[in-house]
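Naming convention: chains lettered A, B, ... in sequence-line order (proteins, then strands); numbering from 1 in each chain. Because the structure is a prediction, the values reported are computed rather than measured.
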Amino acid sequence: MWRDYVDQIIKTDVLVIGGGAAGLRAAIEARDQGAHVTLIAKGNVPGGSSVMSAFFAAAMSGESGTPQEHFEDTILGGAYLNNQKLVRILVEEAPKRIKELEEWGMLFARELPEYYIAVREGGHRRPRLIHAAGKGSGNRTSHVLFEQALDRSVDFHIFTFATSLLKSDNEVIGATAIDMKSGEFIVIQAKSTILASGGTSKIYTRGACARLNTGDGFSMALRAGALLTNMEFMQYIPLGIIHPGSADGYTLGGTPKAKEGYLLNKFGERFMVRYDPVWMEKSTRARMTVAIAKEIKEGRACERGGVLVDLTRITEEEKARHYKYQPYFPFCLKEIYGDKVGQFLEPYEVKPTALFQNGGVKINERCETNVPGLFAVGEVSSGVHGANRLGGNAMSECVVFGKIAGANAAERAKKVNFREIGDKKLKEERERVFAPLEREDGYDPRKVKERMQEIMWKYVGPLRNEVGLRKAINELTEIRMSIEPNLFSQNKSSRMNFEWMEALEIGSMVDLGLMMAEAAFFRKESREAHYREDFPEYFPHGDNENWCVETGILYEGGRLKIFKVPLEFTEIKPGEIRIEKVDVPYLTVRA
Amino acid sequence: MTIQKTLKVKVFRFNPTIDDKPYYATYDVPFTFEKMKVIDVLRYIQEKIDHSLSFTWDCRLWNCGLCGVSVNKRPCLACITDVKNVAVNGEIVIEPLSYYPVIKDLVIDRTPEIEEMHKLGIKYIRNNPPEKIPEPMNPEQISFHRDWHLACIDCLVCSSACPAFSLDYEFLGPHLSVKLAKYLTHPKDEGDRAKQAYEGGIFRCLGCGRCDAVCPLQLEISKNTMELLKSASVEESLAPPAVRDFLENIYKFGNPWGESRAKRGKWAENMGIEGYDSKKHEFLLYVGCVGSYDPRAQQMAKAIAEVLLKVGVSFGILGSAENCDGNEVARLGEKGLFELIAEKNIQQFKKLGVKKIITLSPHAYNSMKNEYPKFRGYFEVIHYTQFLHDLIKNGKLKITKDFEAKVTYHDPCFLGRHNKVYEAPREVLKSIPSLEIVEMGRNRENSLCCGGGSGNFYTDLVGGKQSPSRIRVEEAYNTGAKILAVSCPVCLIMFEDAVKTEGLDKEMVVKDISEIIREVV
């Protein structure tokens with residue numbers, strides 16, 4: 001019996017995998033629809049990367065513009081690779097979800113009684129990013145969501161690492177996981193499963209997000225037969241911190257936080273003029289990343305290998321606002337670069353760092369995937385952002401689509417029954433999961449992980465080319481064939497064994513790395529977040545004639561199948577939006 | 001400290017499945033750059049030396065609140081704690097946050113805190129939904145909420161530092177208090193936060209300020225959260241009977257025990273101490289309730305008076321005209337009564353022409369120095385240890401005898417953490433020949449509390465085996481000191497009791513600094 005292979009069985013209507021904003025919002029909604037909800041998270045709840053992010057892009061009213069403008073900016077930023085139906089939902093629903101957060105006790109920064117403060121990020125034609133008041137940067141949204149979920153008695157399992165999705169026939173019927181607190185192997189039987197497991201930035205040496213973002217969700221979905229798209233569109237954030245310690249690769253936002261905030265190379269030149277004369281330093285993250293990566297590669301980097309962010313022309317008013325509404329910003333600058341930078345008296349050095357996976361599991365307007373029973377939401381899903389995400393859209397996506405996923409998952413749970421699990425599959429999964437603990441010798445997961453991160457950063461980083469991508473694919477395949485089956489954990493106890501966890505994460509990371517490298521290899525053009533040095537012609541808007549399609553990935557017959565997935569342009573055709581001149585204030589108090 | 005090339009890092013290790021009890025492992029970690037943080041040290045160990053070490057972190061910078069650990073007995077966030085600020089002789093000891101169950105090594109189980117949060121019902125409560133969103137509100141209204149409560153990142157460092165908090169949740173601890181206060185200060189929240197705070201045992205807060213000292217976001221919890229919640233509870237007449245008696249007695253009799261006012265100056269009889277007269281005396285010696293009434297603390301008052309008399313300091317006391325200073329009243333959130341007391345005292349002092357005040361108690365020192373000015377009571381307030389230190393420096397106080405003993409000194413909260421006076425008492429002790437000072441592991445800013453703050457010397461809400469006074473005397477005893485020196489009447493009486501309960505009274509005595517000085521002049 002399959003039950004013999006399991007230490008603990010949990011039965012639930014809706015299983016949510018992931019404890020960040022998307023997962024929490026989905027759990028709340030599913031609970032409101034009457035479903036029993038179990039939420040498992042690899043780390044703490046609230047956790048993931050949403051605790052680090054404070055900004056919601058939303059066209060509230062007034063000076064943050066109309067949903068239509070938000071729609072156009074998102075499509076333009078995504079270089080037309082967005083699923084326009086999803087974007088329409090995002091821009092229309094985001095203000096409602098923001099209002100709902102206020103109803104749940106969240107207070108957004110404001111200076112006037114009836115308006116929020118909104119700031120600008122690259123690619124938005126208006127200041128449109130609503131943010132929480134107060135010092136510290138993120139987590140206040142997640143906390144409000146967490147309180148609401150807790151109040152609704154969602155069943156939380158923290159430090160519980162999902163290893164695979166379970167299937168019966170063609171349906172996803174739950175997941176297997178390790179409860180790291182005890183080391184137990186558990187099975188969660190669910191009528192609907194929502195994947196909200198976050199991103200991939202930790203597949204790189206330099207990543208801005210949470211430690212746990214090793215892309216396990218992408219790998220689980222792939223192995224369960226889900227269709228993934230656009231995996232080559234890994235977003236890097238241009239202004240990543242350079243630091244000798246742990247803070248290396250962290251980021252404090254994607255654009256210089258002042259109207260007169262410049263990016264300078266070692267000659268003191270505002271180099272963005274050569275890459276994006278219209279938007280300059282207010283350009284999209286993708287374009288600024290490519291610009292900086294090129295400056296570095298072509299020998300115009302400064303002392304520590306990056307470029308300078310010059311905020312010395314910041315106005316007193318902007319400075320005062322930082323201290324009042326985002327004091328973490330000067331605080332962190334001071335912690336990392338010293339007092340002078342913290343007081344905006346000196347420029348500081350940055351270089352790009354991995355941030356966000358625009359691609360992922362393809363979803364429809366109901367957050368359903370191609371596999372019945374499996375829903376996806378948040379960073380693990382694909383379609384909303386296209387080829388490049390605009391700042392603030394990630395958090396908005398989490399709350400907007402979280403609600404939708406939760407509702408539809410609960411609805412499905414009402415219609416279907418629990419399914420039996422196959423004995424053989426479960427036995428195999430258990431053996432796979434525990435193998436690194438049982439091996440007496442082999443490869444050290446930490447070292448393999450480091451090697452993989454280096455390969456990915458070097459060859460599947462901000463600047464790519466065919467030779468490099470081929471190397472990456474070869475190396476990753478070698479890891480898959482000869483190293484992954486021989487990973488072992490020196491530490492044999494199953495309780496809170498991070499070495500063991502990392503050995504399993506490597507499995508996910510190889511899947512993920514291969515998907516990203518193969519997709520990048522497949523797409524023979526440059527478009528926003530995907531820059532091919534051997535196809536520089538169409539950057540940043542892409543070769544719309546041949547490549548205005550999604551890159552689809554399926555796992556079939558033991559290998560990845562890569563193909564073009566045509567896009568439906570329901571509202572705007574490629575090339576229709578034109579913006580000639582941009583003069584955006586950093587902030588508005590009437591959003 | 002001078003920066004060493006190599007750090008000696010002692011790390012708490014415990015795997016409950018395998019190990020019978022916790023142990024410490026020592027690692028050598030290279031100190032590689034000036035602003036190296038504790039998280040860098042731990043990651044180095046995890047990645048380069050010992051893969052089996054469990055330590056969890058997520059964001060790396062001030063956001064996720066997951067990397068809280070205790071470094072050299074002081075809870076902190078590993079990501080923003082500079083190694084060079086915490087290392088002692090190139091050594092650091094890293095342990096998990098205290099009170100919470102350990103899952104393994106440095107990883108604690110947060111489930112109890114989540115359950116308690118659920119039980120307390122911490123979430124936004126509205127009886128009537130808003131008509132319009134954004135709901136109109138004055139930005140000034142949200143500023144307190146924004147600056148002090150919204151920012152909390154749930155790192156649990158404060159609760160782990162709190163001497164009154166342990167996991168049985170008779171007391172909700174500073175972290176959950178901040179969560180409650182978040183909605184108390186929310187301009188539109190309609191939940192009964194006062195009741196929740198009262199039920200959460202808010203009056204067990206000692207006002208010691210350890211939470212303030214460790215909070216990575218500098219949220220000044222004791223003032224902006226704990227006192228606020230206590231105030232709200234007191235306003236709704238929700239307070240434990242002991243607290244009510246305490247406040248009522250102070251209101252009626254000017255002291256917590258309900259003793260007669262006439263007895264207040266009794267300790268000074270036949271000592272030749274004069275009643276204060278501004279024409280004759282430079283200083284007012286303000287004794288306070290504990291020094292006036294408690295038999296043990298009276299010894300301390302006497303000792304100070306004797307020393308001052310001997311040196312020929314021109315001072316007087318108020319005797320039966322003295323009133324409570326109100327510090328504990330304010331810490332218990334009874335702001336109205338405090339105002340009354342402060343104004344009355346200020347009026348009295350002004351009428352008498354008082355300019356300079358020497359206080360026996362750090363508690364009086366705190367309120368007179370920091371809070372009386374808010375009611376336009378500007379006096380020069382000196383704690384007696386500062387005064388003795390000055391006398392010694394000026395050569396007016398001559399120490400004539402040896403005092404052969406090993407002494408450890410306990411920093412009182414209201415002298416140390418709240419007013420940053422750490423060195424004066426130590427200098428006084430250092431000036432005594434043959435006296436050897438040994439420090440306890442937790443000293444100065446990181447000192448523990450005696451358990452008597454916020455009226456707890458009377459209300460006694462934080463008793464039992466885990467009471468801070470008993471933990472502290474054990475710590476003192478473990479230094480090998482024969483004398484536990486204090487500079488506060490509350491500490492004196494709390495430790496005196498604790499030494500007896502712990503059965504240490506044969507090995508160690510509790511003495512006030514003034515009592516030691518009296519023996520050597």
The side-chain hydrogen bond (donor to acceptor under 3.5 Å, both in side chains) partners of A:Glu335 (sequence neighbours excluded) come to B:Lys37

Most heavy-atom pairs under 4.5 angstrom with chain A, which of [options]?
options                                : value
B:Tyr44, B:Tyr124, B:Phe55             : B:Tyr124
B:Asp189, B:Asn138, B:Ile125, B:Ile114 : B:Ile114
B:Thr32, B:Ile122, B:Asp50             : B:Ile122
B:Glu135, B:Glu47, B:Arg126            : B:Glu135

Residues at least two apart in sequence or cross-chain that pass ring-ring contact (aromatic ring centres under 6.0 Å, His included) with A:Tyr116, listed by chain then number, are A:Phe108

Against chain A, label [X] side chain, backbone, both or neither, depending on which of its atoms sit under 4.5 Å from a heavy atom there.
X        : result
B:Ile103 : both
B:Met36  : neither
B:Leu66  : side chain
B:His145 : side chain
B:Pro129 : neither

Could you tell me which portion of [X] (side chain, backbone, both or neither) has an atom closer than 4.5 angstrom to a non-hydrogen atom of chain B?
X        : answer
A:Lys492 : neither
A:Gln490 : side chain
A:Asn213 : neither
A:Leu112 : backbone
A:Arg446 : side chain

Could you pull out the closest heavy-atom pair between [X] and [Y], with the gap in Å?
X        : Y        : answer
A:Cys209 : B:Arg60  : O-NH2, 3.6 Å
B:Gln46  : A:Phe498 : NE2-CD1, 4.0 Å
B:Lys123 : A:Asp151 : NZ-OD2, 2.9 Å
B:His118 : A:Ser153 : NE2-OG, 3.7 Å

What's the separation between atom [atom1] in [X] and atom [atom2] in [Y], rounded to the nearest 0.5 Å?
X        : Y        : atom1 : atom2 : result
A:Asp248 : B:Leu61  : CG    : CG    : 12.0 Å
A:Lys42  : B:Thr56  : NZ    : OG1   : 11.0 Å
A:Leu107 : B:Ile142 : CG    : CD1   : 5.5 Å
A:Leu101 : B:Ile133 : CG    : CD1   : 10.0 Å

query = Is there a side chain to side chain contact (heavy atoms under 4.5 Å, CB included) between A:Lys324 and B:Arg146 once you walk through the steps?
reply = CA-CA 10 Å; A:Lys324 192 166 176 187; B:Arg146 178 193 71 212; 3.4 Å; yes

For [X] and [Y], which I'm curious about, is there any donor-acceptor pair between the side chains at under 3.5 Å?
X        : Y        : value
A:His143 : B:Asp154 : yes
B:Ser54  : A:Arg495 : no
A:Tyr250 : B:Asn63  : yes

For this session: Tell me, yes or no, whether the heavy-atom count around B:Tyr99 atom OH, taken from other residues, nucleotides or ligands under 6.0 Å, exceeds 12.
Result: yes

Is there a side-chain contact between [X] and [Y] (heavy atoms, below 4.5 Å)?
X        : Y        : answer
B:Cys59  : A:Met52  : yes
B:Asp58  : A:Leu212 : yes
B:Pro136 : A:Glu114 : yes
B:His51  : A:Asn491 : no

Expected contact set for residues 178-187 of chain B against chain A at heavy-atom separation under 4.5 Å reads B:Lys179, B:Lys182, B:Tyr183, B:His186, B:Pro187

Assert top hit (heavy-atom pairs under 4.5 Å, partner chain B, pool A:Met106, A:Arg110, A:Glu450) equals A:Arg110

Comparing A:Gly183, A:Gly43, A:Pro244, A:Gly245 against chain B, the one with the most heavy-atom pairs below 4.5 Å turns out to be A:Pro244

*Please find out if less than 6.0 Å separates the ring center of A:His243 from that of B:Phe33.*
yes

Handout entry: Ring centers of A:Phe331, B:Trp62 separated by less than 6.0 Å
Key = yes

Applied to residues 100-112 of chain B, the salt bridge (charged side-chain N to carboxylate O under 4.0 Å, His left out) test, sequence neighbours excluded, yields B:Arg13-B:Asp105

